[in-house]
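Pasting a structure here, questions to come.
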Amino acid sequence: MDFGFQVLEQIIKTSAFRHKILASNIANIDTPGYKAKDVSFKDSMNNPSLGPSLGLTKTSTLHKQGPVNLKETGGMTAVERASWEDGNNVALDMELAHMTENSLLYEAGVKLLSKKLQMFKNAIKGR
């Protein structure tokens, strides 16, 4: 498969996964002690369980290893933020802002994939 398809597939999968995490945060906004979670887009793009690895090749022993493998953490990390009196640290405005940003990324991935498919269709038809 074309590498561009793999990248776009990974972008769509990653943004869909992040959307679930952000929706879970909003659903638990009134749960005492709940800590907000998020997914690093960069780390998720390198998560082999979600698709092809897009990680960098280590060409020197001086190169640092990336963050923790997302398979071990499920790709989620706790969000460090001040908590409310009940120990919950979900901030609705922040979660909605992240969801909006994530939705734009998802839409961009879907549109780019659609354009790429249309280019292949045109090439097959000889246009």
Side-chain angles (χ1 to χ4, degrees):
M1 184 188 300
D2 182 64
F3 184 70
F5 280 118
Q6 293 175 349
V7 171
L8 292 172
E9 178 185 5
Q10 187 69 12
I11 289 171
I12 292 168
K13 282 183 177 180
T14 299
S15 56
F17 179 64
R18 188 173 185 226
H19 185 82
K20 289 180 185 177
I21 302 302
L22 296 171
S24 174
N25 288 343
I26 292 172
N28 286 292
I29 196 164
D30 291 329
T31 305
Y34 181 83
K35 301 295 180 198
K37 299 171 185 68
D38 202 353
V39 176
S40 164
F41 185 79
K42 178 183 164 192
D43 294 342
S44 295
M45 289 296 288
N46 291 319
N47 184 351
S49 68
L50 294 175
S53 174
L54 301 174
L56 300 175
T57 303
K58 286 179 79 172
T59 57
S60 169
T61 57
L62 297 175
H63 291 161
K64 302 269 184 194
Q65 180 64 35
V68 176
N69 185 344
L70 294 176
K71 270 187 170 177
E72 298 170 7
T73 63
M76 294 181 285
T77 56
V79 174
E80 297 296 326
R81 174 185 310 155
S83 298
W84 303 102
E85 293 175 8
D86 63 356
N88 185 313
N89 73 347
V90 176
L92 183 59
D93 56 340
M94 294 294 292
E95 301 302 328
L96 292 176
H98 289 304
M99 283 187 100
T100 302
E101 170 191 290
N102 195 53
S103 295
L104 292 173
L105 183 62
Y106 181 85
E107 284 182 35
V110 169
K111 282 184 181 177
L112 288 171
L113 182 61
S114 176
K115 290 282 184 189
K116 194 162 183 68
L117 288 172
Q118 188 62 46
M119 287 173 32
F120 273 90
K121 284 180 184 176
N122 290 342
I124 291 170
K125 291 178 181 176
R127 292 183 189 170

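Every value quoted in this text rests on a predicted model; they were computed, and no experiment measured them.
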| Between the side chain of S24 and the main-chain N/O of K20, is any donor-acceptor distance below 3.5 Å? | no
| query | NE2 of H98 to CD1 of I21: how many Å apart, nearest 0.5 Å? | reply |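 Rounded to the nearest 0.5 Å, the NE2-CD1 separation comes to 13.0 Å.
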| request: Of all the heavy-atom pairs spanning A36 and E95, show the shortest one and how long it is. | output: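 So the two residues come closest at CB-OE2, 3.8 Å.
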| Same cluster or not: are L105 and V7 linked, directly or through other Ile, Leu, Val, Met, Phe, Trp or Tyr residues, by side-chain heavy atoms under 4.5 angstrom apart? |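 Linked, L105 and V7 end up in one cluster.
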| said: With a 4.5 Å cut-off on side-chain heavy-atom distances among I, L, V, M, F, W and Y, is there a chain of contacts connecting M119 to F3? | reply: no
| message | Between N88 (side chain only) and N28 (backbone N and O only), is there a donor and an acceptor less than 3.5 Å apart? | response | yes
| task | Find out whether R18 and T14 are in side-chain contact, i.e. whether some heavy atom of one side chain is under 4.5 Å from a heavy atom of the other. | result |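 The answer is no; the side chains never approach within 4.5 Å.
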| request: Decide yes or no on salt bridge (charged side-chain N to carboxylate O under 4.0 Å, His left out) for K116 and E9, but give the supporting numbers first. | output: CA-CA 12 Å; K116 194 162 183 68; E9 178 185 5; over 6 Å; no
| query | Do L117 and Y106 share a hydrophobic cluster, counting only Ile, Leu, Val, Met, Phe, Trp and Tyr and linking them when any side-chain heavy atoms are less than 4.5 Å apart? | reply |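 Per the 4.5 Å side-chain linkage, L117 and Y106 are co-clustered.
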| request: Give a yes or no on whether D93 atom CG has more than 12 heavy-atom contacts from other residues, nucleotides or ligands under 6.0 Å away. | output: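 Counting neighbours around CG of D93, more than 12 heavy atoms of other residues, nucleotides or ligands fall under 6.0 Å, so yes.
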| request: Each residue besides L96 in its hydrophobic cluster should be listed here, by chain and number; the cluster joins Ile, Leu, Val, Met, Phe, Trp and Tyr at side-chain heavy-atom distances under 4.5 Å. | output: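 For the cluster that includes L96, the remaining residues are L22, I26, I29, Y34, V90, L92, M99.
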| message | Quick check: closest heavy atoms across S83 and N89, and the distance to 0.1 Å? | response |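 Smallest heavy-atom distance, with atoms named: OG-CB, 3.8 Å.
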| query | Does K35 have any salt bridge (Lys or Arg N to Asp or Glu O under 4.0 Å) partners at least two apart in sequence or in another chain, and if so, which? | reply | none
| ring pair (Phe, Tyr, Trp, His ring centres under 6.0 Å): which pairs involve residues 107-127, sequence neighbours left out? |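 Residue pairs with at least one partner in residues 107-127: F5-F120.
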